[in-house]
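The structure appears below as structure tokens.
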Amino acid sequence: MSSSELKRQVIIAGAGPIGLTAALALRHKGIPATILEAEREGRPRPGSRAIYLHNATLQHLEDIHPGLGFTLARHGIVWPLKRSLFRGKEVYVKKYPTPDPSVLPPFTSLPQDEAERHMYQACLDAGVEFVWNTPVKEVQSSEQGVKVITETGDVWQADYVVAADGAHSVVRKTAGLKLEGPRHKDTFIVVDVKEDPENPLPLERIFHYQHPAIGERNVLYVPFAGHWRIDLQLLSGDDPEEFGSTEGVKKWLPKVIDKKYAERITWVSTYQFYQVVADSFTDAHRRILLTGEAAHLFAPFGARGMNSGVPDAVIAVRGIAEALQAADPETAKKAILAAAEERKIAAEHNRKGAGIALDHLQGDSPFMNMKRELAASLVPILPQLGRWLDEGPYGPKFGPPELTTKY
Ligand SMILES: Cc1cc2nc3c(=O)[nH]c(=O)nc-3n(C[C@H](O)[C@H](O)[C@H](O)COP(=O)(O)OP(=O)(O)OC[C@H]3O[C@@H](n4cnc5c(N)ncnc54)[C@H](O)[C@@H]3O)c2cc1C
């Protein structure tokens, strides 16, 4: 492309779910959207990753592209039952009513790559411009805008840039921003298996504290459209390779689920989760906004990754739309800063929530061990303690604090 063609009001780096959301939010406001994506069109995406989308996420997507929230809900599942067990004994069970298809469900569960396919189609319908095979190499921001230099040698100019280029974000790094926070010490093995359509298991989410069939390790089972996710939490001292290699998984999986699933594995991954948030969600010139994994990484308990990336993108676009219409540069900067601060507060809240969930499930302090043991033993007389045990995989449900600065 000639350099005269390389000017855009807004450029988004990355066509993952958060870049696609930012593009849809821009189009919803009548602003042109251009995505620069490192990889090729139709690229395979890594595993199923986000399988659980909250109602609020579906509502955001429905708001910015009418029909999209319902499309995702229709292609996902809502499990009608959840249970928690403690060393083989049931401590909590909850049934959900059948969702009314005329309203968005409380959540939907489907593979991330499938959700992304629907979001991509929505972007095509909304007239989003995609520039594939174009990795961003560097961004240079100034009071006037942002220069985006790509690995292909092009130089793009934009008034604003949305960084949605994932955990290793080049935009974040070259804008001088950094992720801060720890990496959790425990290792988790995430295994996805294909359901057997001839003889499926009943749809239920099960959390099994200290599963007796696998050396008292925690096991989480989550059904999602056509699949199951089985999440094994290793004990300190376990060898991740022993449990996380394909051969290792084939050895332990039949101990916790029907052995046929060992032949139906679609994805295995070993994680030590980060709990990190960017030091700032915008640059000094207020021209770049970080969103999604470019801005934060959490342990997946509570499903806070994509579910918080979607509002990052929506609020980033709200800030950019205000900035584009601002009467003067100071007002524009304030709009960008307000969006950045709102989402940084949310990210810190989510990191804390994911941390509380990790401690609830796996924390090995004498206090936490005693709390779990006591709760499990007292469930027959105090059933609400079963609910507390069941909340482990989610962390606290309340949202981030309300901001005083509304705009
Ligand atoms: C095991 C696991 C389970 C999870 N479960 C859930 C869940 O149930 N619910 C939930 O909400 N979240 C979940 N998550 C988190 C969720 O997967 C992420 O939050 C989500 O994928 C982040 O999207 P993103 O668009 O920010 O980044 P990505 O999905 O990483 O997309 C980034 C995009 O940017 C592109 N890119 C990279 N570098 C460049 C560059 N230099 N220039 C241009 N493009 C670039 C990449 O090719 C990619 O297309 C889970 C994650 C894991 C690992």
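Bear in mind the structure is a predicted one, so any value in this text is a computation, not a measurement. For ligands, and for the atoms within them, numbers begin at 1 and follow the listed sequence. Side chains included, hydrogens not; waters and symmetry mates left out as well; all remaining heavy atoms used.
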Exercise. Is K333 salt-bridged to E143, cutoff N-O under 4.0 Å?
Worked result: yes
Problem set entry | atom 7 (C) of ligand 1: the protein heavy-atom neighbour that sits closest, reported with distance to 0.1 Å | A50 CA, 3.3 Å
Exercise. Considering only the protein, which heavy-atom contact is closest to atom 9 (N) of ligand 1, and what is its distance?
Worked result: Y52 O, 3.2 Å
For this session: For the pair K344 and D279, evaluate salt bridge (charged side-chain N to carboxylate O under 4.0 Å, His left out) and give the outcome as yes or no after the intermediate values.
Result: CA-CA 9 Å; K344 184 166 156 63; D279 51 354; over 6 Å; no
Exercise. With a cut-off of 4.0 Å, which atoms of ligand 1 are near a heavy atom of L36?
Worked result: 43 (C), 44 (N)
Exercise. Are the side chain of H54 and the backbone of G302 linked by a donor-acceptor contact shorter than 3.5 Å?
Worked result: yes
Exercise. P135 heavy atoms, cut-off 4.0 Å: which ligand 1 atoms fall inside?
Worked result: 42 (N)
Exercise. To which protein heavy atom is atom 53 (C) of ligand 1 closest, and what is the distance rounded to 0.1 Å?
Worked result: Y271 OH, 3.1 Å
Exercise. Is it true that D390 and K94 have a side-chain N and a carboxylate O under 4.0 angstrom from each other?
Worked result: no
Exercise. Under 30°, 30 to 60°, or over 60°: which ring-plane class applies to W228 and Y221, parallel, tilted or perpendicular?
Worked result: perpendicular
Exercise. Considering only protein heavy atoms, which is closest to atom 23 (O) of ligand 1, and at what distance to one decimal place?
Worked result: P17 CG, 3.4 Å
For this session: Look at atom 35 (C) of ligand 1 and find which of R43, M306, E37 reaches it with the closest heavy atom.
Result: E37
Exercise. Between A164, G14, G292, which one has a non-hydrogen atom sitting closest to atom 32 (C) of ligand 1?
Worked result: A164
For this session: Would you please classify the geometry between the W79 ring and the Y52 ring as parallel, tilted or perpendicular, with 30° and 60° separating the classes?
Result: tilted
Problem set entry | Atoms in ligand 1 flagged as close to E39, the criterion being non-hydrogen separation under 4.0 Å | 47 (O)
Exercise. When you measure from atom 37 (C) of ligand 1 to every protein heavy atom, which one gives the shortest distance, and what is it?
Worked result: D165 O, 3.3 Å
Problem set entry | Proximity winner for atom 27 (O) of ligand 1, if only heavy atoms of G166, G302, G16 are counted | G166
Problem set entry | R45 neighbourhood, listing ligand 1 atoms whose heavy-atom distance to it stays under 4.0 Å | 28 (P), 29 (O), 31 (O), 48 (C), 49 (O)
Exercise. Can you tell me the protein heavy atom closest to atom 2 (C) of ligand 1 and the distance?
Worked result: R49 CA, 4.0 Å
For this session: With heavy atoms of V170 as the reference, note each atom of ligand 1 found under 4.0 Å away.
Result: 41 (N)
Exercise. Counting each atom of ligand 1 from 1 as listed, which ones have a heavy atom of I51 under 4.0 Å away?
Worked result: 7 (C), 8 (O)
Seminar exercise, completed: Of E293, Q112, H54, the residue with the heavy atom nearest atom 21 (O) of ligand 1 is Q112
Problem set entry | Any side-chain heavy-atom pair of P32 and Q9 under 4.5 Å | yes
Exercise. For atom 44 (N) of ligand 1, what is the nearest protein heavy atom, given as residue, atom name and distance?
Worked result: A38 N, 3.1 Å
Exercise. So which of R264, R229, H227, R49 actually passes side chain to side chain donor-acceptor pair (under 3.5 Å) with D192?
Worked result: R229
Exercise. Do any heavy atoms of K137 fall under 4.0 Å from ligand 1?
Worked result: no
Problem set entry | Salt-bridge contact R87-E216 (side-chain N to carboxylate O under 4.0 Å) | yes
Exercise. Do E151 and K137 sit within salt-bridge range, that is, some charged N less than 4.0 Å from a carboxylate O?
Worked result: no
For this session: Report, in ascending order of atom number, the atoms of ligand 1 lying under 4.0 Å from any heavy atom of V136.
Result: 40 (C), 41 (N), 42 (N), 43 (C)
Exercise. Atoms of ligand 1 less than 4.0 Å from I18 heavy atoms?
Worked result: 23 (O), 24 (P), 25 (O), 26 (O)
For this session: Decide whether a cation-pi geometry holds between R287 and Y160; the criteria are a distance under 6.0 Å from NZ or CZ to the six-membered ring centre and an angle within 45° of the ring axis.
Result: yes
For this session: Determine whether H211 and I214 make a side-chain contact, defined as any pair of heavy atoms from C-beta on separated by less than 4.5 Å.
Result: yes
